[in-house]
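In the text below, chain A, chain B and the rest are named by the order of the sequence lines, each starting its count at 1. Note that the structure is predicted; figures quoted are calculated from it, not measured.
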Number of protein chains: 4
Amino acid sequence: MARPKSEHKRNAILSAAAGVIAEQGGSATTARIAKEARVAEGTLFTYFANKDDLLNQLYLELKAGLRNAMLHGYPLDASLRERAWHAWNAYLDWAIAHPAERRALARLTLSERVTEASRKAGNDGFAPISAALQEAAALGKLRDHPVPFVGAIMNSLAETTMDFVAHYPAEAGRYRTAGFEAFWSAIAGG
Amino acid sequence: MARPKSEHKRNAILSAAAGVIAEQGGSATTARIAKEARVAEGTLFTYFANKDDLLNQLYLELKAGLRNAMLHGYPLDASLRERAWHAWNAYLDWAIAHPAERRALARLTLSERVTEASRKAGNDGFAPISAALQEAAALGKLRDHPVPFVGAIMNSLAETTMDFVAHYPAEAGRYRTAGFEAFWSAIAGG
Amino acid sequence: MARPKSEHKRNAILSAAAGVIAEQGGSATTARIAKEARVAEGTLFTYFANKDDLLNQLYLELKAGLRNAMLHGYPLDASLRERAWHAWNAYLDWAIAHPAERRALARLTLSERVTEASRKAGNDGFAPISAALQEAAALGKLRDHPVPFVGAIMNSLAETTMDFVAHYPAEAGRYRTAGFEAFWSAIAGG
Amino acid sequence: MARPKSEHKRNAILSAAAGVIAEQGGSATTARIAKEARVAEGTLFTYFANKDDLLNQLYLELKAGLRNAMLHGYPLDASLRERAWHAWNAYLDWAIAHPAERRALARLTLSERVTEASRKAGNDGFAPISAALQEAAALGKLRDHPVPFVGAIMNSLAETTMDFVAHYPAEAGRYRTAGFEAFWSAIAGG
DNA sequence: TATGAATGAGCGTTCATTCAT
DNA sequence: AATGAATGAACGCTCATTCAT
């Protein structure tokens with residue numbers, strides 16, 4: 001093969017896209033992304049069929065990165081609260097370490113251009129966390145909340161917490177704990 | 001430009017904008033909005049200096065509408081929980097009655113085109129609710145959470161609840177209560 | 001109405017398109033056409049939905065112009081030969097007077113982008129000439145040739161004649177006559 | 001570039017080009033041609049300096065192929081009419097046997113990218129046929145037509161005939177004869 | 001020499017904004 | 001003030017050509 005398609009270049013484009021989307025949101029252009037990735041405009045299209053494809057692949061990549069972060073070291077056998085605490089922290093750690101990725105993911109999640117199929121695929125692999133919630137529900141530990149509702153609550157409280165952590169880094173620890181307490185109080189009981 | 005002739009026309013444009021943004025998100029064009037408002041393309045620009053101005057004014061208008069809904073009949077002298085319950089229900093009622101507005105507001109809140117100034121101005125007028133939270137905090141009834149954090153938690157849980165209400169209208173009542181319980185548990189105590 | 005869409009501008013674009021296509025063929029760009037028409041690039045698209053639409057409308061317009069030229073003064077009651085002679089001359093006169101249009105029409109006729117529907121519509125209105133051929137065939141004056149074949153022969157000989165007239169303007173008259181004689185000999189008889 | 005390694009590969013590219021141009025006309029891309037020739041995109045440019053060069057060489061190649069077909073078995077000593085009949089049939093046989101080549105040649109003949117020099121060179125080698133026409137003219141057998149005009153008439157009538165043969169294969173024989181009769185009547189006489 | 005990824009000028013088209021009416 | 005045609009910068013994307021392998 002002449003010059004093989006380089007995983008490095010693909011990642012550079014995805015990474016540049018995350019940065020530009022985090023910064024500019026809906027007005028991120030392919031020209032800007034290519035420039036940021038130090039790649040010709042046309043090159044972007046040898047790695048991604050079109051802009052929507054890039055957006056969807058980026059969404060998937062970000063979801064996968066987050067999942068890896070959350071599931072790395074996940075204490076399968078610990079108590080429910082400990083597992084929740086692990087997931088909570090892993091999420092915050094990832095978000096703190098990857099602010100652009102986090103912002104880009106938030107924007108993509110709300111974009112009309114990310115397909116339903118991508119959303120579904122992106123949520124695969126979060127199975128262990130879902131499983132924990134299912135188990136908790138079965139044990140009657142989740143008040144009366146439907147499982148997906150609890151998942152959504154966790155998500156939205158974590159996002160909110162993350163907003164404060166990002167805004168007040170000096171009090172990151174405090175918000176991290178407070179957010180978790182709020183979450184745990186919100187769902188546990190029964 | 002400063003004093004448009006017809007308040008009716010201005011409202012038609014704002015209302016059309018809410019509808020189109022709710023539906024199309026980032027790809028809403030001024031041409032489409034004007035058409036929906038039954039107004040010429042150019043007319044839009046005698047009421048709003050440019051698209052960003054329209055977006056920011058719409059954001060403000062939606063925030064004001066929501067505030068009016070939440071504060072109408074607000075029981076200033078009731079218990080903290082009752083006041084929270086009132087606000088909670090008022091929010092959900094507004095969102096159910098104005099789905100396009102709600103969706104547009106959610107999208108604008110995340111848009112890079114709504115300025116910090118607009119966001120600040122938009123949160124003015126929610127003072128009575130903030131006041132209640134302040135009071136609660138002073139009484140030590142809010143665990144240890146900073147007041148703005150509690151406000152944000154309320155907001156994000158209400159949004160999450162609203163998503164489920166919209167998705168499963170048959171179980172609206174259940175989610176309405178469950179969401180409030182989650183919220184109240186999350187923040188009350190101490 | 002603010003500024004009505006002007007027939008003049010539409011014609012300027014069509015005329016510019018004919019000129020540029022005659023000159024550049026397949027590599028005629030919308031930018032070049034707009035420039036030649038002294039119109040902004042975007043304006044072209046307020047008169048024509050897209051480039052293909054422009055091409056098809058131009059084809060139709062050129063066909064209509066040619067038809068008008070050929071049918072103007074057409075001697076419905078003259079002899080067959082006289083009617084053929086009239087059509088022959090009218091075609092050559094039009095082609096000589098409108099060299100760019102003629103060349104553009106030739107190119108469009110061969111383009112993949114002119115639809116079957118346009119071709120069909122373009123041939124409507126040449127009915128009187130077709131009728132003459134039908135009549136001649138009925139009278140057994142066309143040797144044994146099928147009518148459409150005779151029409152095609154006339155067309156191709158006229159085109160060939162026109163090529164020579166264009167190339168050797170000094171001998172235009174000679175080719176005009178010689179071409180017609182060739183045509184008439186080719187089809188008449190029986 | 002001047003001495004490509006493989007004549008086979010050069011032919012594969014030319015042949016693929018004929019096919020793609022016949023099919024797609026002006027929108028034939030070098031990428032598509034290379035793919036069809038089972039050759040890398042870059043390889044095309046080691047055999048041809050650029051796309052225009054490929055087009056011109058293809059034109060020449062097609063002309064040469066047609067010439068070979070027409071001159072093979074050409075009855076130098078037969079009567080004028082017999083020689084014309086031979087050429088006529090040879091052309092139709094070639095066109096029927098090589099539809100893509102014929103179509104590509106027709107398109108290239110009209111393309112602005114085939115140079116005057118190529119056209120001239122392409123017509124060399126049809127000398128024997130020209131010679132026959134010259135001879136006939138000298139003998140006063142060609143009415144009064146200039147020789148090149150007669151050649152062009154033959155060409156355009158053969159093309160027209162070919163269009164009908166391609167469209168109505170069941171009546172190929174009839175059109176073949178009728179076309180020739182039309183041609184012969186058009187030019188012979190005196 | 002052959003490969004195919006890389007390049008970037010240039011394409012057709014959109015759209016926020018201006019301006020003649 | 002209202003209209004909508006006119007504008008042209010900017011977009012996503014294509015493709016002939018180059019060049020590292």
Side-chain angles (χ1 to χ4, degrees), chain A residues 1-6 9-10 27-35 37-55, chain B residues 1 3-6 9-10 27-35 38-55, chain C residues 1-6 9-10 13 27-35 37-55, chain D residues 1 3-6 9 27-35 38-55:
Chain A
M1 214 181 297
R3 243 176 304 184
K5 244 191 269 199
S6 97
K9 211 155 267 185
R10 180 171 180 275
S27 56
T29 70
T30 52
R32 186 75 209 287
I33 292 168
K35 188 178 186 180
R38 295 171 192 287
V39 140
E41 284 191 49
T43 300
L44 191 151
F45 295 96
T46 83
Y47 287 87
F48 304 94
N50 49 47
K51 194 184 184 181
D52 275 15
D53 182 35
L54 167 59
L55 259 24
Chain B
M1 205 175 293
R3 287 285 259 70
K5 200 178 195 171
S6 142
K9 220 159 257 188
R10 180 172 180 276
S27 56
T29 68
T30 53
R32 185 76 210 285
I33 292 167
K35 186 179 186 181
R38 297 170 190 285
V39 143
E41 289 186 44
T43 301
L44 190 152
F45 292 94
T46 85
Y47 288 87
F48 304 94
N50 49 45
K51 195 183 183 182
D52 275 16
D53 182 36
L54 166 60
L55 260 23
Chain C
M1 214 180 296
R3 242 177 304 185
K5 244 191 268 202
S6 97
K9 211 156 268 185
R10 180 171 179 276
I13 294 169
S27 56
T29 69
T30 52
R32 186 76 209 286
I33 292 168
K35 188 178 186 180
R38 295 171 191 286
V39 141
E41 283 191 50
T43 300
L44 192 152
F45 294 96
T46 84
Y47 287 87
F48 303 95
N50 50 47
K51 194 185 185 181
D52 275 17
D53 183 35
L54 167 59
L55 260 24
Chain D
M1 203 177 293
R3 288 285 258 69
K5 200 177 195 173
S6 144
K9 220 160 255 188
S27 56
T29 68
T30 53
R32 187 73 211 285
I33 292 168
K35 187 180 185 181
R38 296 171 190 286
V39 143
E41 288 186 45
T43 301
L44 191 152
F45 292 94
T46 85
Y47 287 87
F48 304 94
N50 50 44
K51 195 184 184 181
D52 275 16
D53 183 35
L54 166 59
L55 260 22

Heavy-atom closest contact (C:Ala40 atom, C:Ala34 atom, distance): O-CB, 3.9 Å

Partner nucleotide, any strand, of F:dT21 [Watson-Crick/G-U, under 3.5 Å]: E:dA2

Atom pair distance, as rounded to whole Å: CZ in B:Phe45 and P in E:dA20: 17 Å

Whole-Å distance separating the CZ atom of C:Arg10 from the C1' atom of F:dA5: 16 Å

Paired nucleotide for E:dA9 [Watson-Crick or G-U wobble; both distances under 3.5 Å]: F:dT14

Nearest to side-chain heavy atoms of B:Ala40, which nucleotide of F:dC19, F:dG4, E:dA16: F:dG4

Contact under 4.0 Å: C:Thr46 side-chain N or O vs F:dA5 OP1/OP2: no

Spacing between A:Lys51 atom NZ and F:dT14 atom P, to the nearest angstrom: 15 Å

F:dC15 OP1/OP2 closer than 4.0 Å to side-chain N/O of D:Thr30: no

Atom pair distance, as rounded to whole Å: CZ in C:Phe48 and P in F:dA6: 12 Å

B:Arg32 CZ to E:dT14 P, straight-line distance once rounded to whole Å: 15 Å

Side-chain N,O (D:Tyr47) to OP1/OP2 (E:dA2) below 4.0 Å: yes

Atom-pair distance (CZ on C:Arg3; C1' on F:dA5), nearest Å: 5 Å

No-H, no-angle donor-acceptor pair, A:Glu41 side chain to F:dC13 base, under 3.5 Å: yes

Rounded interatomic separation in angstrom, taking CD1 from A:Ile33 and C1' from F:dG12: 11 Å

Distance below 4.0 Å between A:Lys9 side-chain N/O and E:dA6 OP1 or OP2: yes

Heavy-atom pair of closest approach, residues D:Ala28 and D:Lys51: O-NZ, 2.7 Å

DNA chain E: 5'-proximal contact among A:Gly42 and D:Arg38 (nearest heavy atom): D:Arg38

Along DNA chain E (nearest heavy atom to each residue), the more 5'-positioned of B:Asp52 and C:Ser27: C:Ser27

side-chain contact (heavy atoms from CB on, under 4.5 Å) partner of B:Phe48, chosen from B:Thr43, B:Ile33, B:Asp53: B:Asp53

C:Phe45 to C:Thr30 - nearest heavy-atom pair and separation: CZ-CG2, 4.2 Å

Closest contact, heavy atoms only, D:Leu44 versus D:Val39: N-CG1, 4.2 Å

Nearest-Å distance for atom pair CG/P, residues A:Leu44 and F:dC15: 17 Å

Residue met sooner reading DNA chain F from 5', once A:Asn50 and C:Val39 are mapped to nucleotides: C:Val39

Touch class at under 4.0 angstrom, heavy-atom based, for B:Thr29 against every strand present: sugar-phosphate

